[in-house]
Enquirer: 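Let me begin by handing over the structure; questions about it come next.
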Amino acid sequence: MTMFSVRNLSLRFGGVQAIADLSFEVAQGEVFAIIGPNGAGKTSVLNVITRVFDPSAGSVHFEGRDITQLARHRVVNAGIARTFQNIELFEGGTVLENLLLGRHRFGHGNFFAQWLWTPGVRAAEAASQAAVEQVIELLDLAPHRKSPVAGLPYGVRKVVELARALAARPRLLLLDEPSSGLNPEETRDLAFWIDDIQNDLGVTVIMVEHDMSLVSEAADRVLCMNLGQRLALGTPAEVQSNPAVIAAYLGA
Amino acid sequence: MTTVIQLTINGMAIGAIYALVALGLVLTYKATEVLNFIHGDLLMASSFIGWGLIVVLKWPFWLAVLATVAIAMVFSWVLDARVMRLIVGQPQFAGVMLTIGIAFTLRGLVSMSFGPESRNYPTPWTNQKTQLGGVVIADLSLVIVATALLVTLALFWFLRRTTLGVAIQAASQNQLAAFLSGIRVKRLTSLVWALTGGIAALCGLLLAPTALVDISLWFVMIKALAAVVLGGFGSIPGAILGGLLLGVIEQFAGVYLPDGYKDAVAYLVLIGVLVLWPRGLLGDAHGRRV
């Protein structure tokens, strides 16, 4: 069943065509990878979906609803969360605080109740704490719970970002190069987590990724982009053996 | 001994104003990275508006205070939503130049519509004094300190406890991540402007009864800027500490040092502190903005 689709999407910055008439569909529960050489427009696709950029043409549909013109702050409420290629954390906070901010979309009582710290507000706050603890356990972040994110190693910061996205309880998770900057061991953990996210949490995943071993392991289907266009679409094995894909990567 | 206590209390009163003005500056700076030079002139304009409402229109004092604060808040909100938003993404000096320009315009408008002469308005505390163990304190000073304390505590609680306050902090640290966590960043920015505008109005209304309603009231902004730097740029507790210190130092310098040192001493201390602690008294360890 199609959960998410991009239809005839184009994005143009002046003379640069970042995305050109791109269409694809993602099924419920699928892990969908987008690969392609640098500058192929992969991250731009994620940025259009999360409304960082306005597309020049085309539309984006999620759960039967057109989200092309959604306000940027409503994306997460629609059920879509993401991570970034260059980690975007709240640098002044701890791991726990960052994850709790991921829960912002869930109400925590009204303004005046919060001033008074009423039982209702405390209960909502406790519920968010519990939800965040589940994510912390899933992603093995317990040792860093109280650490300020600014001082954490790169690999852990990437996991914190993933955890914050999961704390928002998305139905669609967008990962932008989740393995970049990770060592082989961390990348292996990541493959397991993506598997957990897909199978245990039932979250659909779209990930932009360069590491082909991770893509082969985690993804159900792969879209290869080049110069903003669709080059190939299929299972990891099919796409990897596609002559056009090999040519694009080797620059032939 | 009584003189020392007397001077300290008077210094705290004026320092509390510096601290509040500094707090407004730091809040806007942290939330929007704009050093808001309109702050001082909004404070001055508010004292004129307060005078107009109390003396000319004969409104009750409290109603006039509420109305003035509301006017300043709406003005600041609109300023952010309609004007400051135009230069988002421009270099920092663009914001500085724009606010300086608006500040001068505001000053000109006040001067044209009210005239340049100083004036005053009565408050419920004018000419009232309280005796505390041999020390005589003007009630106005007590009200100033109490208001500053209340506003600071309310702000602290607001930023710590409410979703809105936490969202403001989040947006000031990472706008993109804030947007995609579901935070209405633009609206919050305007809210911060409105809040600081309201604080400026309150400061103007508190300062005017002791310093007269005058165009030169905007000058308190320069002192507040010194307080911000003294405390460590971008630190809220630092701004408060810096403001209080500056106020007390000025009072003592006015009495114990030769004429003319009163205004200079604060800056001498500032230079001294910056030589010893280049980041200010409570500055962040590195250039992080929180």
Enquirer: So does F156(B) have more than 12 non-hydrogen atoms from other groups sitting under 6.0 Å from CZ?
Expert: no
Enquirer: Distance from S181(B) atom OG to R105(A) atom CZ, nearest 0.5 Å?
Expert: 11.0 Å
Enquirer: Does the side chain of L180(B) come within less than 4.5 Å of V76(A)'s, by heavy atoms?
Expert: no
Enquirer: Give me the atom names and distance for the closest heavy-atom approach of A167(B) to H104(A).
Expert: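 That closest heavy-atom pairing would be CB-NE2, 3.9 Å.
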Enquirer: Can you tell me how the ring of F158(B) sits relative to the ring of W115(A), calling it parallel under 30°, perpendicular over 60° and tilted otherwise?
Expert: parallel
Enquirer: Is R72(A) close to chain B through its backbone or its side chain, or both, or neither, when contacts mean heavy atoms under 4.5 Å?
Expert: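 Interface part for R72(A): both.
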Enquirer: Using non-hydrogen atoms only, which part of R51(A) is less than 4.5 Å away from chain B: side chain, backbone, both, or neither?
Expert: neither
Enquirer: With a 4.5 angstrom heavy-atom cut-off, which part of L100(A) approaches chain B: side chain, backbone, both or neither?
Expert: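 L100(A) has no heavy atom closer than 4.5 Å to chain B.
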Enquirer: Given a strict heavy-atom distance threshold of 4.5 Å, which part of V121(A) is in contact with chain B: side chain, backbone, both, or neither?
Expert: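 When you check distances to chain B, no heavy atom of V121(A) falls under 4.5 Å.
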Enquirer: Is any side-chain heavy atom of T163(B) less than 4.5 Å from a side-chain heavy atom of Q114(A)?
Expert: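 Yes; the side chains approach each other to less than 4.5 Å.
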Enquirer: Compute both the distance and the angle, then confirm whether R161(B) meets the cation-pi test with W117(A): under 6.0 Å from the six-membered ring centre, within 45 degrees of the axis.
Expert: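 Geometry flag: set, cation within 6.0 Å and 45°.
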Enquirer: Should the heavy atoms of other residues, nucleotides or ligands under 6.0 Å from CZ of F13(A) be counted, would the total exceed 12?
Expert: yes
Enquirer: Which heavy atom of N174(B) sits nearest to which heavy atom of E88(A), and what is that distance?
Expert: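 Closest approach of N174(B) to E88(A), heavy atoms only: ND2-OE1, 2.9 Å.
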Enquirer: Heavy-atom cut-off 4.5 Å, strictly under: side chain, backbone, both or neither for F84(A) against chain B?
Expert: side chain
Enquirer: If you measure from NE2 on H73(A) to CZ on R187(B), what distance do you get to the nearest 0.5 Å?
Expert: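 Going from NE2 on H73(A) over to CZ on R187(B), the span is 7.5 Å.
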Enquirer: Verify the neighbour count for atom CE of M84(B): are there more than 12 heavy atoms of other residues, nucleotides or ligands below 6.0 Å?
Expert: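 Yes, because the 6.0 Å sphere around CE of M84(B) holds more than 12 heavy atoms from other groups.
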Enquirer: Would the number of heavy atoms belonging to other residues, nucleotides or ligands and lying under 6.0 Å from CZ of R122(A) be above 12?
Expert: yes
